[in-house]
A.B. asks: 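Below is the structure I would like to discuss, written out as structure tokens.
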Amino acid sequence: HSELDGRVMDYLLPKPTGEDTPSLRILELSLSQLYNVRWDHRPFAPFIRSLRLNGPSHHEHSLLRPFACLEELIFKDCFMTDWEIVSWPKTLKHYRYHRTNDWSRWHENRGISNAFRVLDSCPGLQTITLNHRATGKEAEDVKKLREMCAKSNVLVNAGPGISFVVSIV
């Protein structure tokens, strides 16, 4: 993704007024674009059903708060810096963590540990998808995650062969 100018985004996606409900339901951006002051995503956030974020973040931990109706959340190549999400959307049905490069145990652990947090925080969760290459402790964590998800009737798709094909909400 290239950096989008706020004027272009405002032209393509006019801000909702009054009783208007915006048609935007799927939003895919880099984390830096989400927090780019040149475009204000907040008027659309309550209507977004699928949020697909990529890249590292140096921003606040409450990035998901405005997205009150999220059903799908995808992190691609995120968690490269020391940040943690403190408020997961209760409406979430699908959580996905995808790494495309630079595999490390630390990154792996971040994706898996957040899967546990999502499982605990989102009562309507149906699916967790991880393209892990976990070994050692991380492999044990994935096994534990599968067991906990089975008790909660949550489907787990996890393995290194999972490609980055996103679902459509």
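Heavy-atom basis, side chains included; hydrogens, waters and symmetry copies ignored.
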A.B. asks: If you take all heavy atoms of Cys122 and Pro89, which pair is closest and at what distance?
C.D. replies: SG-O, 3.1 Å

A.B. asks: What residues, two or more places apart in sequence or in another chain, satisfy side-chain contact (heavy atoms from CB on, under 4.5 Å) together with Pro16?
C.D. replies: Asp20, Pro22, Pro43, Phe44

A.B. asks: Test side-chain contact (heavy atoms from CB on, under 4.5 Å) on Ile26 and Leu51; report intermediate values, then the result.
C.D. replies: CA-CA 6 Å; Ile26 299 171; Leu51 182 61; over 6 Å; no

A.B. asks: Kindly indicate whether the side chain of Tyr95, heavy atoms from C-beta on, has any atom under 4.5 Å from the side chain of Thr129.
C.D. replies: no

A.B. asks: Excluding sequence neighbours, so at least two apart, what forms side-chain contact (heavy atoms from CB on, under 4.5 Å) with Lys144?
C.D. replies: Phe116, Met148

A.B. asks: Roughly how far, to the nearest 0.5 Å, is NE2 of His41 from NZ of Lys15?
C.D. replies: 10.5 Å

A.B. asks: Between Arg49 and Cys69, which heavy-atom pair has the shortest distance, and what is it?
C.D. replies: NH1-CB, 2.7 Å

A.B. asks: Measure across Thr91 and Leu70 and return the closest heavy-atom pair with its distance rounded to 0.1 Å.
C.D. replies: OG1-O, 2.5 Å

A.B. asks: Indicate, with yes or no, if Leu64 and Phe47 share a hydrophobic cluster defined by side-chain heavy-atom contacts under 4.5 Å among Ile, Leu, Val, Met, Phe, Trp and Tyr.
C.D. replies: no

A.B. asks: Is there side-chain contact between Val154 and Leu119, with heavy atoms separated by less than 4.5 Å?
C.D. replies: yes

A.B. asks: Report the distance from atom OG1 of Thr127 to atom CG of Leu155, rounding to the nearest 0.5 Å.
C.D. replies: 4.5 Å

A.B. asks: For the residue pair Arg96 / His94, report whether a side-chain donor-acceptor contact shorter than 3.5 Å exists.
C.D. replies: no

A.B. asks: Please report the closest heavy-atom contact between Ile128 and Ala115, naming both atoms and the distance.
C.D. replies: CD1-O, 3.8 Å

A.B. asks: Working note: His98 + Phe75, criterion side-chain contact (heavy atoms from CB on, under 4.5 Å); need CA distance, chi angles, decisive distance, verdict.
C.D. replies: CA-CA 6 Å; His98 191 89; Phe75 287 119; over 6 Å; no

A.B. asks: Quick one: do the Ser50 and Arg52 side chains pair a donor with an acceptor below 3.5 Å?
C.D. replies: yes

A.B. asks: For the side chain to side chain contact (heavy atoms under 4.5 Å, CB included) test, which of Asn114, Leu92, Ile48 pairs with Leu73?
C.D. replies: Leu92

A.B. asks: Is there a side-chain contact between Leu27 and Leu53, using heavy atoms and a 4.5 Å cut-off?
C.D. replies: no

A.B. asks: Treat each ILVMFWY residue as a node, draw an edge where side-chain heavy atoms are under 4.5 Å apart, and state whether Val156 and Tyr97 are in one component.
C.D. replies: no

A.B. asks: Just by modelled atom types, is the Ser121 backbone N or O under 3.5 Å from a matching donor or acceptor in the Lys90 side chain?
C.D. replies: yes

A.B. asks: What is the distance from atom CD of Gln126 to atom CD of Glu71, rounded to the nearest 0.5 Å?
C.D. replies: 8.5 Å

